[in-house]
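Both backbone and side-chain heavy atoms feed into the values below; hydrogens, waters and symmetry mates do not.
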There are 2 protein chains.
Amino acid sequence: MREAAPGPQRRATRADVARRAGVSDAVVTYTLNGGAPVARATAERVLQAVADLGYQPNQAARALKSGSAHTLGLILPDGPDPVFENPFFTEFANAVEAAARRRGYALYMTPTPPDQTSVVTRLNDFATRQVDGVLVVPGEGSLDPDVLDRIGIPWLQLNTVHEQVGVDSIGADLLGGAVLATEHLIAHGHRQVAFVGEIDEREPRYRGWLATCERLGVERGPALPSEYNRQSGYAAGLEIAAMDRPPAAVFAASDLIALGVLRALHERGVSVPDDVALVSFDGSWEAEYSWPALTSVRQPIEEMAEASVAAILDRTAPDERRHRMFRGELVLRASCGVHRPA
Amino acid sequence: MREAAPGPQRRATRADVARRAGVSDAVVTYTLNGGAPVARATAERVLQAVADLGYQPNQAARALKSGSAHTLGLILPDGPDPVFENPFFTEFANAVEAAARRRGYALYMTPTPPDQTSVVTRLNDFATRQVDGVLVVPGEGSLDPDVLDRIGIPWLQLNTVHEQVGVDSIGADLLGGAVLATEHLIAHGHRQVAFVGEIDEREPRYRGWLATCERLGVERGPALPSEYNRQSGYAAGLEIAAMDRPPAAVFAASDLIALGVLRALHERGVSVPDDVALVSFDGSWEAEYSWPALTSVRQPIEEMAEASVAAILDRTAPDERRHRMFRGELVLRASCGVHRPA
DNA sequence: TTGAAAGCGCTAACAT
DNA sequence: ATGTTAGCGCTTTCAA
């Protein structure tokens, strides 16, 4: 319990402002939110009263009445690996928060087990709080769009690998990025490029690597399976180091994987980029201060975050929902080897 | 549960539940929130109705009425360096969110310029949203507790370096940690230990290093100034590498600084730990996958996060406000050199 | 251009 | 043990 003793406890309400300005509360709303014309002189009195009282609208009341809390939700996959351990997600979350705030929206950011039930539960909780829209970063499992739609709260999928019809989603051009990375390695003169990541015909980064090797007539190095984390990349790196004839070039499907690979190679005395040239994907902060710094396909995070917020706030009709794809760019650093101009 | 209701547009309200259970809304509140005894049979009918309707209380209404949104706020310093670039903050934020959720609270997490005005503005915004309490991670500037108190929303300071009377705060035992780190370096046999970090008589990490060198009669190596980021640590590392007689042991005041130092030493061909042994502070995720992995004083992040949430939720009287200090532990990895038993 | 008034969904004091 | 009711602070018809 807090006593009203010390500071100016009770916050001014609309009624206080109205009284001080000598108008009704409706007029206060009109001058503050628009919705009806207000005489210039009246508006000035109201604004003055607002300033005098330091009035700030109670958002809870506003949310109750209008159904909007001026808040967005961000659901991140809470798996065995803490999401925030991944600098890519961290950076993305940060950018989303900034984009939301720029538009006057607050953000609930919460790691959630990525299974359908948990996501539905969280979405319902958000609905209960009058959250205006939710950005969902999917984890392993797949979500049934119809079930999520039925909750009645606008949502949009981030970090999308496989687009689906009828689903609003945002994602980087994974395939294009993989092509960029692989081509770059080949431009360095390597005649063989290996891959570390998810090995699946449907995975765009895998496909991009595969297609590029074939297209440019380069030997496809071994494809080593890895989850998107450091530990798994480390294991793959150990395998590479143990090979009789390690591949001279490696494309890793994420920065985290590359960091793990790097660690393993260091431990085994394999030099990057001299023995093995490495290019990764994401272009997150951590990639810049690794040793050597990683050449990586940078996802346009700010741009995607901005687009996410924009898309969720002016949600279109169901039949206009679509996937929005963003092209990444190759950031040249040291891990791919000294860059020699073509 | 593929066959749920065909498009539950309107969410069920308390009135709907009451009607279905054949009671008044008050009884629904009583059985859900307690506050009055309810006959067993009645309660069961209510619960059944709740289940049937999939009723979930509207949190906005609840917030308006009760003044509590069941939400906490977390203010992180938004400086020239993005906060989330610092894995320590990232990890802390993550732990706080988890701790809050465990108690049924949601979290607003928002980077804010750390000056007084910006923080006050943000605190006011939180107040209008009926946020129950705010955790503030201070940046460079100092905040006037009285001004913040006057806003009327409970707050608590995290990541505290200098405790203040009358302020609820949480922080690691920085001095103790520095002692641990320095002692460890000395135990490795080094007769000189350098410091990289904030050079200020009031900074506990600096003081801990200083005091330990003196106490153990070891030569105090050069103290190099650095802000808490990678770039600044990198600059310091370059200086170290350029010295005629580089110090054989270095204590870096944060992981980020150490990562920068590491990068610079790598570039200059100075080996860690062979030429320079390095111990840092924080023990964040990134420190584990650097090369070499960093020996670091790990802050008990989960414990501190848990304590923060607990402290803010059962806020005590002003005269009981206090600082809560948490002891870190030294995590041995590779950067300090091969560990040889005493 | 402005005001009166009816709620939004929930809580809790008071009455029964 | 249960019901009635008066708001919380705001938005929004509908009237004036």
Side-chain donor/acceptor pairs under 3.5 Å, residues 42-53 of chain B, sequence neighbours excluded:
unit_1: B:Arg45; atom_1: NE; unit_2: B:Ala21; atom_2: O; d: 3.1
unit_1: B:Arg45; atom_1: NH2; unit_2: B:Ala21; atom_2: O; d: 2.9
unit_1: B:Gln48; atom_1: NE2; unit_2: B:Asp52; atom_2: OD1; d: 2.8
unit_1: B:Asp52; atom_1: OD2; unit_2: B:Arg20; atom_2: NH1; d: 2.4

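Rounded to whole angstrom, the span from the CZ atom of A:Arg45 across to the C1' atom of C:dT1 amounts to 12 Å. In this structure, the CZ atom of A:Arg19 is 13 Å from the P atom of C:dA4, given to the nearest Å.
A:Arg102 has a carboxylate O that lies under 4.0 Å from a charged side-chain N of A:Glu306, or vice versa, which qualifies the two as a salt bridge.
Considering CZ of B:Arg315 and CH2 of B:Trp155, their distance stands at 7.5 Å, rounded to 0.5 Å.
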Heavy-atom protein contacts under 4.0 Å, nucleotides 6-16 of chain C, coded B base, S sugar-phosphate only, - none: -BBBBBBB---

Criterion ring-ring contact (aromatic ring centres under 6.0 Å, His included) on A:Tyr108 and B:Tyr108, from CA distance to verdict: CA-CA 5 Å; A:Tyr108 283 126; B:Tyr108 282 127; 4.4 Å; yes

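B:Val23 comes within contact range of the sugar-phosphate backbone alone, with a heavy-atom separation under 4.0 Å but no base atom that close.
Under a cut-off of 6.0 angstrom, the local environment of CD in B:Glu140 is sparse, with at most 12 non-hydrogen atoms contributed by other residues, nucleotides or ligands.
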